[in-house]
Amino acid sequence: MCLAVPGKVEEIYEGTDLIKMAKVNFGGVKKDVCVAWIPDLQVGDYVLVHVGFALNKIDEKEAMETLRILKEMGELNELDQSNESEQ
């Protein structure tokens with residue numbers, strides 16, 4: 001399934017080719033995400049991520065509700081499994 005998933009920005013850093021990147025936490029699963037399209041992003045913000053790119057900021061309440069629904073659907077298990085295969 002192709003979904004945009006909310007996550008919390010834990011760290012912002014400069015990636016290869018000077019691209020703005022972030023370490024984003026998706027309910028316990030952490031991924032590196034390109035955040036170049038969101039210039040005012042801060043650590044602690046929530047973002048909606050699709051295929052490794054943050055699309056926009058969302059509020060914490062909306063992020064928590066979406067993560068709760070995705071957990072109930074088992075969709076975060078797929079994200080966690082892809083994280084394990086990358087290690």
Side-chain angles (χ1 to χ4, degrees):
M1 181 179 285
C2 191
L3 293 173
V5 179
K8 184 176 184 178
V9 176
E10 294 189 337
E11 177 186 349
I12 298 172
Y13 62 95
E14 191 173 282
T16 57
D17 298 325
L18 306 177
I19 296 175
K20 187 176 176 184
M21 300 288 292
K23 183 75 70 185
V24 178
N25 187 333
F26 301 93
V29 178
K30 297 179 182 179
K31 297 271 189 178
D32 295 309
V33 172
C34 177
V35 294
W37 296 338
I38 308 173
D40 63 336
L41 190 68
Q42 307 270 326
V43 170
D45 285 344
Y46 284 83
V47 289
L48 198 56
V49 176
H50 180 67
V51 292
F53 292 89
L55 304 175
N56 61 310
K57 290 195 295 187
I58 60 173
D59 68 36
E60 182 176 0
K61 182 179 177 184
E62 181 181 359
M64 292 296 108
E65 179 64 13
T66 303
L67 283 171
R68 183 189 64 76
I69 293 168
L70 291 173
K71 283 181 184 175
E72 286 179 7
M73 295 171 53
E75 291 296 327
L76 291 182
N77 296 340
E78 185 177 310
L79 185 66
D80 195 27
Q81 290 169 353
S82 69
N83 191 46
E84 290 172 3
S85 66
E86 291 174 3
Q87 296 176 356

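At least one side-chain heavy atom of Val5 sits less than 4.5 Å from a side-chain heavy atom of Leu70. Looking at Phe26 and Val49, their side chains come closer than 4.5 Å, going by heavy atoms from C-beta outward. Using a 4.5 Å heavy-atom cutoff, the side chains of Val9 and Gln42 are not in contact.
Distance check: Leu55 CG to His50 NE2 gives 7.0 Å after rounding to the nearest 0.5 Å. For the atom pair OH of Tyr46 and OG1 of Thr66, the computed distance is 11.5 Å after rounding to the nearest 0.5 Å.
At a threshold of 4.0 Å, the pair Glu72-Arg68 counts as salt-bridged, since one of the basic side-chain nitrogens sits closer than that to a carboxylate oxygen.
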Show me the donor-acceptor pairs within less than 3.5 Å that the side chains of residues 11-24 make with the rest of the protein, sequence neighbours left out.
| unit_1 | atom_1 | unit_2 | atom_2 | d |
| --- | --- | --- | --- | --- |
| Tyr13 | OH | Asp32 | OD1 | 2.9 |
| Lys20 | NZ | Ile38 | O | 3.4 |
| Lys20 | NZ | Pro39 | O | 3.0 |
| Lys23 | NZ | Asp32 | OD1 | 2.9 |

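The shortest heavy-atom contact between Leu67 and Pro6 is CD2-O, 3.5 Å.
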Worksheet item: Can you check side chain to side chain contact (heavy atoms under 4.5 Å, CB included) on Leu48 and Glu62, steps first, answer last?
Response: CA-CA 10 Å; Leu48 198 56; Glu62 181 181 359; 5.9 Å; no
